[in-house]
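Heads up, the thing below is written out as structure tokens.
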Amino acid sequence: MTDQPILSGDEIAALMGREEPSARQDGPSREPRPFSFGSGSAQPSAALPALDRINERLARRIRDLIEPYIRAKPRVIADPAVLRPLRDWQAEQRQFVGLSLFTMKPLKGTLAVCVPSEFVSRLVDAYYGGTGADAEQEAREFTATEERLLARFSENLVGLVADAWREVAPIEPALRGRETSPALTGVGGPDETAVICRFIVTPPQARPASLDILFPAAALRSVEGALAAKVGDDGGRGEEWRGKLNAALADIRIEARTVLARPELSVGELVQLKVGDVIPVSIPAMVPLLVEGRTVALGSIGEQDGKAALKVDKITRRMGS
């Protein structure tokens, strides 16, 4: 038997067109590494556009919720909903916040409402007649008044969330507890993915504040089909809504008037006016029909059924244009 040459590991790797892992100097290591499921980058969800539309409507309701507290109309903008590892959100928060935790049956998991502590202080200050100005230093604990206001505000806010979700997934939020540390959201572990809905609130002459609503991504996946079906589905709903709006507008009464003449007087003539004076006027062939100060038609003066009347001869502006 002929002796066969023995090849080294490097030579075998070269013949197969690859390097021996031990000989590679640069590049990522091929050694096994620990991995936590759910810690990778969150994948975009088809349901997020529909969730954004829900949040846009919710933003208007949040504005109405805040207005009685500060006695002014704030600006509220809904940021696009995002899927993020919970640890990333927690790293952005201050150490002391107002967290209200709710169950959301029949969906699984916990919904968290996060209100910055300084915003709570500003609401209380404005509600009791103050200016609602920013606090000079960061709070470390809530006063009894702040706790009561935060509880009422959070419960009203989560009630608005339930109303906004009603067409997709009727949920019944119930208070689970309150916390002040971002690490205790109850939504999941730091490596788990959460849905984050952020609303930027800007009161008049004050700094903006962010209100965050968080819930586990698993809860979104359970209604993803229903949410995705809402994307671009104005269908009959949009037409039905427009029909109802037009019907409602058709019954609204508005004041229309016409101006027959516009005589001009000097200040001297005006102060010398007395009973019995005659002011000459000339009525034009075409007089305007005015609605809210805008000319919508031109017409001629006549008579109908023994009453003065205006015959419309020309439409100059369509209502709503």
Side-chain angles (χ1 to χ4, degrees), residues 21 26-55 58 78-120 138-140 142 150 154 157-158 161-162 164-165 168-169 171-200 209-228 231:
D26 301 321
S29 171
R30 293 183 178 271
E31 293 297 323
R33 295 178 301 169
F35 178 79
S36 298
F37 287 98
S39 63
S41 58
Q43 297 298 317
S45 169
L48 291 182
L51 188 57
D52 289 340
R53 287 169 51 183
I54 291 176
N55 288 343
L58 183 57
D79 278 358
V82 294
L83 291 168
R84 296 182 63 191
L86 193 57
R87 66 171 182 273
D88 292 350
W89 177 85
Q90 292 169 337
E92 298 173 351
Q93 306 306 308
R94 294 192 176 183
Q95 295 301 311
F96 182 76
V97 296
L99 273 173
S100 299
L101 313 179
F102 298 86
T103 59
M104 44 183 180
K105 296 181 179 179
L107 301 183
K108 295 182 179 181
T110 298
L111 181 146
V113 175
C114 180
V115 183
S117 58
E118 62 271 19
F119 186 70
V120 176
E138 185 179 354
R140 295 296 180 183
F142 289 124
L150 175 61
S154 299
L157 177 56
V158 81
V161 174
W165 274 64
V168 175
I171 58 176
E172 298 179 2
L175 182 65
R176 175 180 167 184
R178 302 193 192 279
E179 299 290 349
T180 57
S181 171
L184 301 175
T185 61
V187 174
D191 292 332
E192 294 189 34
T193 301
V195 181
I196 301 173
C197 302
R198 174 165 294 175
F199 300 87
I200 306 299
S210 61
L211 306 179
D212 289 354
I213 298 174
L214 303 85
F215 53 92
L220 180 65
R221 286 194 291 269
S222 65
V223 293
E224 191 166 12
L227 281 169
V231 179

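All values reported here derive from a predicted model rather than from experimental measurement.
- The shortest distance between side-chain heavy atoms of Phe119 and Ser210 does not fall below 4.5 Å.
- Between Leu220 and Leu83, some side-chain heavy-atom pair lies under the 4.5 Å cut-off.
- Residues Phe102 and Glu172 fail the side-chain proximity criterion, which asks for heavy atoms closer than 4.5 Å.
- Looking at Ile171 and Lys105, their side chains never come closer than 4.5 Å, going by heavy atoms from C-beta outward.
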Check against side chain to side chain donor-acceptor pair (under 3.5 Å), Arg84 and Thr193: CA-CA 5 Å; Arg84 296 182 63 191; Thr193 301; over 6 Å; no
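- By the 30° and 60° cut-offs, the orientation of the rings of Phe96 relative to Phe142 is tilted.
- Taking both residues in full, the closest heavy atoms of Ala194 and Leu86 are given as CB-CD1, 4.0 Å, listed atom of the first, atom of the second, then distance.
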Intermediate values then yes/no, side chain to side chain donor-acceptor pair (under 3.5 Å), Arg178 and Ser100: CA-CA 5 Å; Arg178 302 193 192 279; Ser100 299; 2.7 Å; yes
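- The distance from the CG atom of Asn55 to the CG atom of Leu48 is 10.0 Å, given to the nearest 0.5 Å.
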Step-by-step salt bridge (charged side-chain N to carboxylate O under 4.0 Å, His left out) determination, Arg87 to Glu192: CA-CA 8 Å; Arg87 66 171 182 273; Glu192 294 189 34; over 6 Å; no
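- How far CG of Leu58 is from CZ of Phe199: 4.0 Å, rounded to the nearest 0.5 Å.
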Phe215 and Leu107: CA distance, side-chain angles, deciding distance, side chain to side chain contact (heavy atoms under 4.5 Å, CB included) verdict: CA-CA 10 Å; Phe215 53 92; Leu107 301 183; over 6 Å; no
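- Minimum interatomic distance between Cys114 and Gln93 (heavy atoms only, all atoms of both residues): SG-OE1, 4.2 Å.
- Contact annotation: the side chain of Gln90 approaches that of Pro190 to within less than 4.5 Å [non-hydrogen atoms, C-beta and beyond].
- Interatomic distance, Ile54 CD1 to Trp165 CH2, rounded to the nearest 0.5 Å: 6.0 Å.
- The shortest distance between side-chain heavy atoms of Leu211 and Pro116 falls below 4.5 Å.
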Derivation and outcome, side chain to side chain contact (heavy atoms under 4.5 Å, CB included), residues Val113 and Leu99: CA-CA 6 Å; Val113 175; Leu99 273 173; over 6 Å; no
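- Within the model, atoms CE of Met104 and CG of Leu111 stand 5.5 Å from one another, a figure rounded to the nearest 0.5 Å.
- Residues Val97 and Thr180 fail the side-chain proximity criterion, which asks for heavy atoms closer than 4.5 Å.
- Residues Cys197 and Leu51 come closest through the heavy atom pair SG-CD2, 4.0 Å.
- Of the possible polar contacts, one joining the Asp52 side chain to the Ala81 backbone as a donor-acceptor pair under 3.5 Å is found.
- Here the side chains of Ile213 and Val195 are not in contact, with every heavy-atom distance at 4.5 Å or above.
- One finds the CG atom of Leu101 at 6.0 Å from the CD atom of Glu179 (value rounded to the nearest 0.5 Å).
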